[in-house]
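See below for the structure under consideration.
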Amino acid sequence: MGPSLDSLIRLYTFSTGRRLFALHQVRKLAQASELIDLVGHTGNAIAYDTDTRALEARWAGRKQSTFSPEARQLDIYVDAALGAFRDGADAQIRACAPGDPIADAALKMLDVLFPKGVGAITTLGFVDELAEVNRILERVNEPDYKALVTELGLTRQVARLAGLEGQYRAAIEGTGGTLTYAQVKDARAKGQSLLLQVVAMILGKYPSDNEADLATRGALLSPILVQNEAIRRYLRDRKPIEDVNPETGEIEQTPPAPEATGTP
């Protein structure tokens, strides 16, 4: 199996609204330049991510009262596991000698994992907390943080959280009919892949460094690069990444209601 596009094209993972907003802009530019293949592919990507957004709205719109007692009990355990991870890291930081670089690295890790503190996660609804736990686990298993977690002696806390994540997800999905978080996650991943395919098509159409290719390539990629830079700033400032309205590009802090996206 050959290298995937995400290993060759270095873009941040876009939220669905940001992908759609960028894709709409690229499609308009492609239409103006009569780039038929690019118009068709961006149209397909827009249609796919429109469905993804509807799926996200269905998932986010589930009511807390519909979940089983098992989900509620597991939510308590997950809250405790998140607190244990945060407290364990904090204890190691406070025990470090002045100037110890491990303390600075641990502080930066906590800022990324818990940008608004543990309480901002543990007070979320089940569905949103599950998404945050999934994000944290993905991040701590990346090479740079995996080594740091081991150095801080937090592997047991991570293992506990990982075990609970599976149980928590099963308990939440068990009361949600046919829709699962795995479906939402897979849909987002495919949407990101379609975005990368758009980038690849533009690079393939205008590959050289001559003036004409540079100008056209830059213009077509600009809507995507603007969103990528916005995400970079969120990460630099250690803030949660806010989604945008796919039509206007304005910040949209809450997901659209299912009725607004045409979902049943």
Side-chain angles (χ1 to χ4, degrees), residues 1-31 35 37-62 127-128 130-132 134-135 137-139 142 169 173 176 178-205 220-232 234-235 240-264:
M1 183 176 180
S4 60
L5 281 177
D6 63 353
S7 69
L8 299 172
I9 301 173
R10 306 307 297 172
L11 288 179
Y12 295 111
T13 299
F14 285 28
S15 59
T16 306
R18 289 183 183 276
R19 276 199 307 271
L20 280 167
F21 183 63
L23 287 167
H24 277 297
Q25 292 179 296
V26 172
R27 191 166 191 266
K28 288 177 184 177
L29 292 168
Q31 287 173 326
L35 300 172
D37 289 347
L38 187 58
V39 170
H41 188 75
T42 51
N44 290 337
I46 288 168
Y48 183 85
D49 259 343
T50 299
D51 288 343
T52 299
R53 193 153 165 92
L55 201 67
E56 290 173 332
R58 283 176 55 201
W59 178 254
R62 298 171 63 199
V127 170
D128 292 329
L130 173 63
E132 281 295 288
N134 191 265
R135 174 187 67 82
L137 286 171
E138 287 182 348
R139 192 68 179 89
E142 292 177 3
R169 183 176 64 251
E173 292 175 354
T178 58
L179 181 61
T180 67
Y181 180 67
Q183 289 174 284
V184 177
K185 185 178 177 182
D186 288 347
R188 289 169 174 167
K190 183 174 179 182
Q192 182 74 9
S193 178
L194 289 170
L195 177 71
L196 294 178
Q197 289 170 36
V198 169
V199 174
M201 289 179 71
I202 295 170
L203 294 176
K205 182 73 173 176
L220 288 168
L221 289 176
S222 178
I224 296 171
L225 297 179
V226 165
Q227 293 304 319
N228 198 61
E229 173 60 18
I231 293 170
R232 187 194 70 79
Y234 276 106
L235 295 174
I241 298 167
E242 297 172 303
D243 204 3
V244 300
N245 182 288
E247 299 294 336
T248 66
E250 296 176 353
I251 296 297
E252 189 172 75
Q253 296 182 356
T254 56
E259 293 81 4
T261 59
T263 53

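What's counted below: heavy atoms across the whole structure, side chains too, no hydrogens, waters or symmetry copies.
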Problem - pair I241-R18: side-chain heavy atoms closer than 4.5 Å - result: yes
Handout entry: Whether R19 side chain and F14 backbone form a donor-acceptor pair below 3.5 Å
Key = yes
Practice task
Give a yes or no on whether a salt bridge exists between D243 and R53, defined as a side-chain N under 4.0 angstrom from a carboxylate O.
Solution key: yes
Exercise for the section: Under the side-chain contact (heavy atoms from CB on, under 4.5 Å) rule, what do V198 and L194 come out as? Steps first, then yes or no, please. Expected result: CA-CA 6 Å; V198 169; L194 289 170; 6.0 Å; no
Handout entry: From CD (Q183) to CZ (R188), nearest 0.5 Å
Key = 12.5 Å
Problem - Straight-line distance of E229 CD to Y12 OH, nearest 0.5 Å - result: 8.0 Å
Practice task
Could I get the full list of salt bridge (charged side-chain N to carboxylate O under 4.0 Å, His left out) partners for E142, not counting sequence neighbours?
Solution key: R139
Completion exercise
Between the CD atom in Q227 and the OG atom in S15, the distance rounded to the nearest 0.5 Å is 7.5 Å
Practice task
Any chance you could measure M201, atom CE, to H41, atom NE2, to the nearest 0.5 Å?
Solution key: 6.0 Å
Problem - From T16 atom OG1 to D51 atom CG, the distance as rounded to the nearest 0.5 Å - result: 11.0 Å
Practice task
Decide yes or no for E250 and V244: does some side-chain heavy atom of the first lie under 4.5 Å from some side-chain heavy atom of the second?
Solution key: no
Problem - Counterpart residues, side-chain hydrogen bond (donor to acceptor under 3.5 Å, both in side chains), relative to K185 (two or more places apart) - result: E138
Handout entry: Within-4.5 Å side-chain heavy-atom neighbours: P246 and D49
Key = no
Handout entry: CG on L20 to CZ on R27, rounded to 0.5 Å
Key = 12.5 Å
Handout entry: Heavy-atom check, side chain of L38 versus side chain of K205, under 4.5 Å
Key = no
Completion exercise
When every non-hydrogen atom of L23 is compared with those of A45, the smallest separation belongs to CD1-CB, 3.8 Å
Problem - Validation row: T248, F21 side chains within 4.5 angstrom (heavy atoms) - result: no
Exercise for the section: Evaluate the criterion side-chain contact (heavy atoms from CB on, under 4.5 Å) for residue pair V199 and I202; output intermediate values, then yes/no. Expected result: CA-CA 5 Å; V199 174; I202 295 170; 5.8 Å; no
Problem - Side-chain donor/acceptor of T50 to backbone N/O of I46, under 3.5 Å - result: yes
